[in-house]
Amino acid sequence: MPEGTTQLARLRARMLATAYSNADFWTQRTAFLTDQAVTALARRDPAAAEDLAASLLAPEFINDTQVLGAAVEAGIDTSTWEERRNKIRTYARDAYELPSKSDPTTEAQRIWASLYDHYPQIAAALAVFLQGLPPTWREDLFTSPHAPAASRRTAELPGPETAPYDPQDWEDCPACTEAQDQCRYHRGVFTGMEYQRALVTTALTDHAAVDQLMQRHAELEASADQAAVADVSTPTTS
């Protein structure tokens, strides 16, 4: 950008370009909302918005004291945050601590912790079930040519999500937290939204598609008018 461009203008250019170009829904959403928030701040306090834009363009690591201090200043109750963080760290795959293909023992511990936390009845039933397995369970499950484990290697499969998904809260969904990505539910919603966006984009940019849509809309309106006229002209019987 030209020399002398403000930090706010630099940030807005970067955020809006990201919101337009990035393929990840969360990245797009965060970039656009950041742009809108900083712009709203600039209307009230240009100097504060410029300082915030500069800090966002040169990010530094934040610590617990900063986060908790901001929460206290905002009057937010943080009494449950520590417990919540510990629970998340118990069963979440941490990309910084686990390899991309985590070992079966780690995955088993994570799945059990998640089941115990979210579905204790299922965890109890699973424990009873495992206690009832025959002494030959290892040979029965893993040495038969028809066993599920024989079809694909464990390392090739992602670990299952056991935490419940939250359809109302994209940013605090336990299943997304566990997967360290979009859970199966939100991944499906995102795919549907992307398909819908592609249809809207086509309708706005493809002239042939626009002509077809307008023609179809006119046909539907004509059909509705004909039905309305027919209803009015139809005599009623008492």
Side-chain angles (χ1 to χ4, degrees), residues 1 8-44 49 52-53 56 76 88 92-93 95 111 114-115 118-119 121-122 148 151-152 156-238:
M1 299 185 73
L8 178 61
R10 294 177 185 275
L11 177 67
R12 293 206 65 192
R14 181 178 296 183
M15 292 297 99
L16 292 175
T18 300
Y20 182 83
S21 306
N22 200 281
D24 181 73
F25 170 80
W26 288 111
T27 303
Q28 286 181 315
R29 185 172 186 269
T30 301
F32 182 73
L33 292 180
T34 299
D35 169 79
Q36 295 297 291
V38 176
T39 303
L41 175 62
R43 297 191 187 101
R44 293 179 174 270
L52 178 59
L56 289 172
I76 300 173
I88 290 175
R93 299 184 190 91
I111 292 172
S114 181
L115 278 176
H118 296 290
Y119 305 102
Q121 296 86 352
I122 296 178
S151 58
R152 288 185 290 182
E156 297 174 354
L157 302 175
E161 301 154 15
T162 51
Y165 63 83
D166 187 343
Q168 303 298 326
D169 193 344
W170 287 64
E171 297 182 356
D172 199 20
C173 172
C176 290
T177 300
E178 181 181 356
Q180 292 289 295
D181 196 355
Q182 292 178 336
C183 66
R184 286 168 289 182
Y185 173 83
H186 286 123
R187 189 178 299 113
V189 172
F190 173 73
T191 300
M193 293 173 64
E194 284 292 291
Y195 178 73
Q196 185 181 36
R197 185 179 71 168
L199 291 179
V200 173
T201 302
T202 300
L204 294 176
T205 59
D206 190 326
H207 297 294
V210 172
D211 292 340
Q212 292 178 0
L213 285 173
M214 294 180 64
Q215 179 181 354
R216 180 57 178 161
H217 181 68
E219 292 173 354
L220 292 174
E221 282 191 334
S223 177
D225 292 341
Q226 292 175 359
V229 171
D231 290 340
V232 172
S233 60
T234 303
T236 59
T237 58
S238 56

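- Rounding to the nearest 0.5 angstrom, the gap separating the CZ atom in Arg14 from the CG atom in Leu56 is 10.0 Å.
- Across Arg29, Arg12, Arg10, a single residue satisfies salt bridge (Lys or Arg N to Asp or Glu O under 4.0 Å) together with Asp35, and that is Arg12.
- Taking each heavy atom of Ala49 and Val38 in turn, the nearest pair found is CB-O, 3.9 Å.
- Counting only distance, with no hydrogens or angles, the side chain of Thr34 and the backbone of Thr30 share a donor-acceptor pair below 3.5 Å.
- Counting heavy atoms from C-beta outward, Met214 and His217 have side chains that stay 4.5 Å or more apart.
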